[in-house]
Amino acid sequence: MNSALLAVVTQAWPYVSASWIIVFGGLAAYAVVIVRRGKKLSRELPPEKRRWS
Amino acid sequence: MTNSETVAATGPLSTGSSTTRVIGILALIAMGALLLFGLWLSPDDVNQGDAVRILYIHVPSATIAYIGCALTTIGSVLYLWRRSQWWELTAYASAEIAAVFTAITLVTGMLWGRPTWGVYWVWDARLTTTAMLMLLLLGYLALRRLPADYDVRAKRSAIVGLLLFPNVIIVRQSVQWWNTLHQKPTLFANGLGARIEGLMLFTLFIGFIAIGLTFVWLLIHRFRVAYLAEQLEKEDLDRAIADRRAEGIVR
């Protein structure tokens, strides 16, 4: 691997890693928040108000 | 009593259902494939090097944010026209998820810009209009959450919701209308033609499927959360009115 290519690889990977971690981590955290809120609200309502199964 | 009979008798204790479970599993499989192809199997770009791997999540996230905005505008129109609560809740759920994907688009765009352009941010037409779209979405969500009667909140936010899709058209066309640092469209550059091919195009296609399925899964769950919240608010109001009436009878 020549030095120019090595420079490109080492320059880009921190940004690539950060992007993927932010996307996957952010979406996972948002999904957890929604599911937990749904569970909390479901417990507070009578069954006939929760119509999906 | 079987498990399904128990659920039917008590109602589901979450926003999950068999449909969301299937979509969720498919989304996880697609995300796994995206990780494999996006970070491992696809080649690096001649000009961008490995920075191209950011685009496999950036481009689908931007597209899904546009779709979310379009859905919010459609829902807002149908709420204002027919007073449909179903469409209003769809618009609200879609706007929140569109805000998440617009934020992802901005952050991943900045992280792609740094190694490619040398800067995180420039006041380029595409970047500026996307930031304006983010502000509009935050404005919609803020109006929707202001304490007021449901109809008042829904009507105020629906009016802002009408502006979302026209703004998406401005964002989409900004690279054509103005001279921008941001590149022109790669997909559908010349009609149905694409300026990307082979494994790179395939990886981008997986990105659209993975992010698209995630959007659908989030939308269903977020819609149900919004529906439950409105039901709870209505129930609290009914209970308060009944209590007040009971006090009147006692007196």
Side-chain angles (χ1 to χ4, degrees), chain A, chain B residues 4 7-20 24 27 31 34-35 38-39 44 48-58 61 93 96-97 100-101 103-104 107-116 211 214 217-218 220-222 224-229 231-232 234-236:
Chain A
M1 189 182 282
N2 65 40
S3 58
L5 186 59
L6 184 67
V8 169
V9 169
T10 50
Q11 275 169 14
W13 268 105
Y15 300 99
V16 173
S17 316
S19 298
W20 283 71
I21 289 167
I22 287 168
V23 171
F24 278 70
L27 288 176
Y30 180 58
V32 167
V33 167
I34 290 178
V35 169
R36 287 181 73 173
R37 198 163 161 226
K39 282 184 177 170
K40 184 177 173 282
L41 288 169
S42 297
R43 279 195 296 269
E44 294 175 25
L45 277 166
E48 64 271 15
K49 303 272 183 180
R50 296 174 255 128
R51 294 184 291 185
W52 51 87
S53 60
Chain B
S4 60
V7 170
T10 59
L13 281 170
S14 72
T15 48
S17 61
S18 50
T19 309
T20 59
M31 281 291 189
L34 180 60
L35 269 171
L39 292 178
D44 53 355
Q48 299 174 42
D50 281 308
V52 73
R53 300 181 194 284
I54 299 174
L55 299 183
Y56 300 133
I57 42 176
H58 172 77
S61 297
E96 191 177 285
I97 300 164
V100 170
F101 279 107
I104 284 173
V107 171
T108 53
M110 287 163 72
L111 288 167
W112 177 83
R114 184 68 183 84
T116 314
I211 301 283
T214 307
W217 186 88
L218 287 169
I220 297 171
H221 278 276
R222 188 63 191 84
R224 289 173 178 171
V225 167
Y227 174 80
L228 289 172
Q231 292 296 312
L232 196 64
K234 211 181 282 179
E235 188 143 293
D236 287 346

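Numbered from 1 within each chain, the chains take letters A, B, ... in sequence-line order. All values derive from a computational prediction rather than experimental measurement.
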Using heavy-atom distances under 4.5 Å, tell me whether B/Met31 contacts chain A through its side chain, its backbone, both, or neither. both
Given that the side chain runs from C-beta out, which part of B/Ile104 has a heavy atom under 4.5 Å from chain A: side chain, backbone, both or neither? side chain
Go through the steps to decide whether B/Leu35 and A/Trp20 satisfy the test side chain to side chain contact (heavy atoms under 4.5 Å, CB included), and finish with yes or no. CA-CA 9 Å; B/Leu35 269 171; A/Trp20 283 71; 3.7 Å; yes
Considering only distance and modelled atom types, tabulate donor-acceptor pairs under 3.5 Å from the side chains of residues 33-41 of chain A, sequence neighbours left out.
unit_1, atom_1, unit_2, atom_2, d
A/Lys40, NZ, A/Glu44, OE2, 3.4

B/Glu235 versus chain A, heavy atoms under 4.5 Å apart: side chain, backbone, both or neither? side chain
At a heavy-atom separation under 4.5 Å, does B/Trp112 approach chain A through its side chain, its backbone, both, or neither? neither
Part of residues 25-32 of chain A lying next to chain B, heavy-atom separation under 4.5 Å: A/Leu27, A/Tyr30, A/Ala31
Separation between CD1 of A/Ile22 and OG1 of B/Thr108, rounded to the nearest 0.5 Å: 8.5 Å
Spacing of A/Ser42 atom OG and B/Gln231 atom CD [to the nearest 0.5 Å]: 11.5 Å
Please report the shortest heavy-atom distance between B/Pro115 and A/Ala12, naming the atom on each side. CB-CA, 4.4 Å
Among B/Leu39, B/Val100, B/Thr20, single out the residue with the greatest number of heavy-atom pairs under 4.5 Å to chain A. B/Leu39
